[in-house]
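Working notes, structure below.
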Amino acid sequence: MAGLSSNWKQLQAQLKSQTTPNLKRHADSKEQRQTKKPRTTTAPKPAKLNPKKSHKMGGVQSAPPKEDRTYGKAPSLASWAADNGISAESLAEAYDLGSKDNSMITNAGKDKVNHGVTKGVEIGKYVAIDCEMVGVGPGGYESVLARASLVDFHGTQIYDSYVRPKERVTDWRTAISGISIKEMRFAREFSEVQQDVADILKGRILIGHDVKHDLTALMLSHPGKDIRDTSKHHSFKKLGNGRKPALRVLAQELLNVEIQSGAHSSIEDARVTMLLFRKHKSAFDVDNANRYAPAPSKMMTIKKSKKKRK
């Protein structure tokens, strides 16, 4: 034991002599207290499990639920929902995440123009679309597709592509469309874009502003019951002075956001359209349910008529 005590004193002296000279010496500092404490034989505490990282949802981070006593620290709300088979859309809708403010719109810095299909994004049930047109024919009055953009429920870009018109462009409408002949060097063929968009829309709810023009330009159709058009929503019509309200006006009046002050961005317009829908989703759902409510079956009608006779 005497030898052990002597060796321990030598080790302490060696540690003190190797202390960094530039280290500030404070008598009560945590660092000095730690260097003076001898190692103990107590077993180290097991490392705590790190909580799961929260998923990004349109620039809005989900708040964690109450502490889970089983694991000490609770995982994020988004991770918890994923583990329990709850979609991120349902989660955002239930907790009104991302619709109380305009944080979705500020995501523009992450947009990748002409990127095509965004990989690794779970699209979900709702998508918003916006397209940019250029003019063909005499005077350039006839519109054809030149760019198509789609975002998901959280405003995340899921598709963007320039489209090469089949006809000769007579008016690029650059001041509005933001498109010129130089973008056509990297544009995709119409058939490719059409197929990409059709694959995304299949089986989903489509959000758009005067969306029939976008579908016509893409030469696509979509079930009416699966469309939510912000230009036709009854509570928005009052902002159109008897006509269909412009998206720019809706953004300014309902979101307090200025858009389309210069050349349009179809990704930004799609994102604004989605945010308008999300902020008024319950009203959209009621309108849609009333419009496409299933008619009572003949069997029910027959049963009711029989009861009246009795």
*All salt bridge (Lys or Arg N to Asp or Glu O under 4.0 Å) counterparts of Asp226, not counting sequence neighbours*: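 By the salt bridge (Lys or Arg N to Asp or Glu O under 4.0 Å) rule, Asp226 matches no residue at all.
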*Does Arg204 CZ have over 12 foreign heavy atoms under 6.0 Å away?*
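Yes, CZ of Arg204 has more than 12 neighbouring heavy atoms, counting only those of other groups under 6.0 Å.
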*Other residues, nucleotides, ligands: >12 heavy atoms within 6.0 Å of Glu122 CD*: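 Atom CD in Glu122 is not packed in, count stays at 12 or less.
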_Is the ring pair Phe153/Phe277 parallel, tilted or perpendicular, if the boundaries are 30 and 60 degrees?_
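Perpendicular, since the angle between the ring planes exceeds 60°.
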*Please work out whether the ring planes of Phe284 and His233 are parallel, tilted or perpendicular, with thresholds of 30° and 60°.*
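Plane angle under 30°, so parallel.
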Heavy-atom pair of closest approach, residues [X] and [Y]:
{"X": "His115", "Y": "Lys112", "answer": "CB-O, 3.2 Å"}
{"X": "Val121", "Y": "Thr118", "answer": "CG2-CG2, 3.6 Å"}
{"X": "Thr230", "Y": "His209", "answer": "OG1-ND1, 2.8 Å"}
{"X": "Ser231", "Y": "Asp210", "answer": "OG-N, 3.2 Å"}

*Residues sharing Val136's hydrophobic cluster, by side-chain heavy-atom contacts under 4.5 Å among ILVMFWY, directly or via others?*
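Noted: Val136 shares its cluster with Val113, Val134, Val144, Tyr162, Val169, Trp172, Ile179, Ile181, Met184.
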_Side chains of Asn114 and Arg147: any donor to acceptor distance under 3.5 Å?_
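Per modelled atom types, Arg147 and Asn114 side chains form no pair under 3.5 Å.
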*Would you mind reporting whether Ile227 and Lys225 have side-chain heavy atoms less than 4.5 Å apart?*
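Contact flag for Lys225/Ile227 side chains = no.
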_Between Arg291 and Asp287, does any NZ, NE, NH1 or NH2 come within less than 4.0 Å of an OD or OE carboxylate oxygen?_
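A salt bridge is absent here (no side-chain N lies under 4.0 Å from a carboxylate O).
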